[in-house]
Protein chains: 2
Amino acid sequence: MKILIVEDEPKTGSYLRQGLGEAGYVVDLVDNGFDGLHQAESGEYDLVVLDVMLPGLDGWQVLQGLRRGHPHLAVLFLTARDQVEDRVKGLELGADDYLVKPFAFAELLARVRTLLRRGRAPSEPSVLRAADLEVDLLRRRVTRAGQRIELTAKEYALLELFLRRRGEVLPRSLIASSVWDMNFDSDTNVVDVAVRRLRLKIDNDFEPRLIQTVRGMGYVLDVPA
Amino acid sequence: MKILIVEDEPKTGSYLRQGLGEAGYVVDLVDNGFDGLHQAESGEYDLVVLDVMLPGLDGWQVLQGLRRGHPHLAVLFLTARDQVEDRVKGLELGADDYLVKPFAFAELLARVRTLLRRGRAPSEPSVLRAADLEVDLLRRRVTRAGQRIELTAKEYALLELFLRRRGEVLPRSLIASSVWDMNFDSDTNVVDVAVRRLRLKIDNDFEPRLIQTVRGMGYVLDVPA
DNA sequence: CCTCGACAATCAAAATCTTCATCGTCTCTC
DNA sequence: GAGAGACGATGAAGATTTTGATTGTCGAGG
């Protein structure tokens, strides 16, 4: 499997090359849009990892150029923290997946694997809903009854977990392990506190209440019957 | 490979059983010291995961009893957050490794694998040093010139990283990925700030300075020539 | 030798997370 | 249905972390 990395920042570039190399892929690295497009068009790659911010041609121009001749080449693009619109634009232009800097390498590797396994990914649905609550995964943006709601990192992680497993009762231990990456603790109530904070933001001023407590079991998010 | 879990807290116990089961081990679970010791003595297990806090016989008593007849059975014991002395005591009594609650399941699995692979683990050195700086990994305790120094979680993680790779220049990106589990970010100076905080605690009031800045490259911890 | 630009250090404010103690409420038992 | 005990909710303090702006410093090029 051969991967092309288009990334101008040297540190990031070499990190990616090394990491993916060690993961067993053949990796080429170029540091600008022109070379990126040119190389990618050679047809020898299975996947392109594309930074958006590039000197010369930027990421979208490369993507656009590429899609003309190679509609099926998998493209994973990297976007900066706040350039949220970028992601949307990127996907519209035909990228297959995106990743927001900073990200963990494990995350990147997981996506690369997915893309290579199933070829161009049918992008997963980008909005989760429950009643009038909406979570736009792309923009990391949450609204309820049309009202924008700001969440912190943990709150967002927690909400996403709830929504992805809507209707399931999630034990505290499961929540702890997903959101905090730690399990098996008895003497802490971080989960409770986090749920409370989340409730204050998404459930307090609205109806119906979505997050319910199941005594002795955990919490569920669902629209009450 | 067969594992015995001795854990009285039901949630933790079943979580462990399920997790290790899914990882491909045969698992038995008991919830008290008496049964734990009795079962373990049967000789059919390759590893015992032992909680310290137990009704009836506590973890150490089990361990002690066990070591009499089965000096080579691998034992991994679980200790609560602050009961630091427990760990020392545990290792002295012949446990092979320990884990502090709360911990990530991945962590547990890693240790279980290590123990099963190489049998009873030659416990790794438990103190790291550089000049008059000492880090006791078991107690998570840091001293410089004999003076106790309190570190936060991140500070400790950072220091441990530095010490484990003493003399190596660590690029910011590497530090970010190890301590924060995130890479590839340019527009943040968390690493710088963290290094500063650490320096304030371990380097500011002492000689020689251990953490050095290598311009354009990163940071090193070493005793200056 | 001086200046400029890149890189680091520093500082303080703001955001976030964790802990802890207390209070309320549910459930089981008698 | 009253009481006890477990479980969850709540509030607020405290600690930690992150962010952003500012200041300082090194090194290359003129």
Side-chain angles (χ1 to χ4, degrees), chain A residues 8-11 80-82 100-103 140 142 149-159 169-173 175-176 178-182 185-204 209-221, chain B residues 8-12 80-83 100-103 140 142 149-159 169-173 175-176 178-182 185-204 209-221:
Chain A
D8 62 314
E9 200 191 331
K11 276 184 202 167
R81 190 197 322 265
D82 292 324
V100 182
K101 300 182 185 181
F103 51 85
R140 285 189 141 253
V142 178
I149 298 177
E150 298 287 349
L151 296 186
T152 69
K154 298 264 188 235
E155 287 161 2
Y156 185 88
L158 183 57
L159 178 57
V169 178
L170 307 178
R172 285 176 174 67
S173 53
I175 297 175
S178 314
V179 178
W180 279 262
D181 188 39
M182 64 169 48
D185 193 7
S186 25
D187 63 345
T188 182
N189 67 338
V190 272
V191 174
D192 301 52
V193 176
V195 168
R196 169 167 164 68
R197 275 205 312 270
L198 183 57
R199 273 173 166 162
L200 283 179
K201 292 195 179 173
I202 71 161
D203 253 359
N204 225 33
R209 293 298 167 85
L210 294 172
I211 300 177
Q212 283 133 66
T213 304
V214 182
R215 206 181 167 79
M217 309 263 77
Y219 299 95
V220 211
L221 184 151
Chain B
D8 63 313
E9 202 191 329
K11 276 185 200 163
T12 303
R81 191 198 322 266
D82 291 323
Q83 296 159 300
V100 181
K101 298 183 186 181
F103 52 85
R140 285 188 144 256
V142 178
I149 298 177
E150 297 287 350
L151 297 185
T152 69
K154 296 266 188 229
E155 288 161 2
Y156 185 86
L158 183 57
L159 178 57
V169 178
L170 307 178
R172 283 177 175 66
S173 52
I175 297 175
S178 315
V179 177
W180 279 261
D181 189 40
M182 64 171 43
D185 192 6
S186 23
D187 63 345
T188 181
N189 68 339
V190 273
V191 174
D192 300 54
V193 176
V195 168
R196 168 168 164 67
R197 275 204 315 270
L198 184 56
R199 273 174 165 162
L200 283 179
K201 292 195 181 175
I202 71 160
D203 254 358
N204 226 31
R209 295 299 167 85
L210 293 173
I211 301 177
Q212 283 133 68
T213 304
V214 182
R215 208 182 168 78
M217 308 262 78
Y219 299 95
V220 211
L221 183 152

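Residue numbering restarts at 1 for every chain, and letters A, B, ... go by the order of the sequence lines.
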Roughly how many Å is it from [atom1] in [X] to [atom2] in [N], rounded to a whole number?
X	N	atom1	atom2	answer
B:R215	C:dG5	CZ	P	15 Å
A:M217	D:dA6	CE	C1'	14 Å
A:R199	D:dA9	CZ	C1'	8 Å
A:Q212	C:dC26	CD	P	15 Å
B:L170	C:dA8	CG	P	14 Å
A:I211	D:dT10	CD1	P	12 Å
A:N189	C:dA21	CG	P	12 Å
B:D192	D:dG20	CG	P	15 Å

Which residue, A:G218 or A:L200, contacts DNA chain D at a nucleotide closer to its 5' end, judged by nearest heavy atom?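 Nearest nucleotide further toward 5': that of A:G218.
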Do B:R199 and B:T213 pass the side chain to side chain contact (heavy atoms under 4.5 Å, CB included) test, and can you show the C-alpha distance, the side-chain angles, and the key distance before you say yes or no? CA-CA 11 Å; B:R199 273 174 165 162; B:T213 304; 2.6 Å; yes
Compute the bend angle of the helix from C:dC1-D:dG30 to C:dC30-D:dG1 from the end axes (five pairs per end), rounded to 10°.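 Roughly 20°, once rounded to the nearest ten degrees.
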With rounding to the nearest 0.5 Å, note down the distance linking [atom1] in [X] to [atom2] in [Y].
X	Y	atom1	atom2	result
B:W180	B:L158	CH2	CG	6.0 Å
B:R196	B:N204	CZ	CG	8.0 Å
A:I149	A:L200	CD1	CG	11.5 Å

Would you say [X] reaches [N]'s phosphate, i.e. side-chain N/O to OP1/OP2 under 4.0 Å?
X	N	value
A:R196	D:dG11	yes
B:R172	C:dC7	no
B:T213	C:dA9	yes
B:W180	D:dT17	no
B:T188	D:dT18	no

Decide yes or no for B:L221 and B:L159: does some side-chain heavy atom of the first lie under 4.5 Å from some side-chain heavy atom of the second?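 Touching, per the 4.5 Å side-chain cut-off.
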Can you give me the N/O atom pairs linking the protein to nucleotides 12-16 of chain D at distances under 3.5 Å, or say none if there are none?
none

Where do B:R172 and B:D192 land on the side chain to side chain contact (heavy atoms under 4.5 Å, CB included) test, with the steps shown first? CA-CA 8 Å; B:R172 283 177 175 66; B:D192 300 54; 3.0 Å; yes
For A:A194 and B:Y219, take the nucleotide of DNA chain C holding the closest heavy atom to each; which residue's nucleotide lies nearer the 5' end?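 The residue mapped nearer the 5' terminus is B:Y219.
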Between A:V179 and A:A157, what is the shortest heavy-atom contact and its length?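 Nearest pair, atom of A:V179 first, then A:A157: CG1-CB, 4.1 Å.
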Identify the heavy atoms of B:L151 and B:K201 that sit nearest to each other, and give their distance.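 Closest approach of B:L151 to B:K201, heavy atoms only: CD2-CD, 3.6 Å.
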Tell me which one of A:N189, A:I211, A:L170, A:D203 satisfies side-chain contact (heavy atoms from CB on, under 4.5 Å) with A:V195.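 Among A:N189, A:I211, A:L170, A:D203, the one that satisfies the side-chain contact (heavy atoms from CB on, under 4.5 Å) with A:V195 is A:I211.
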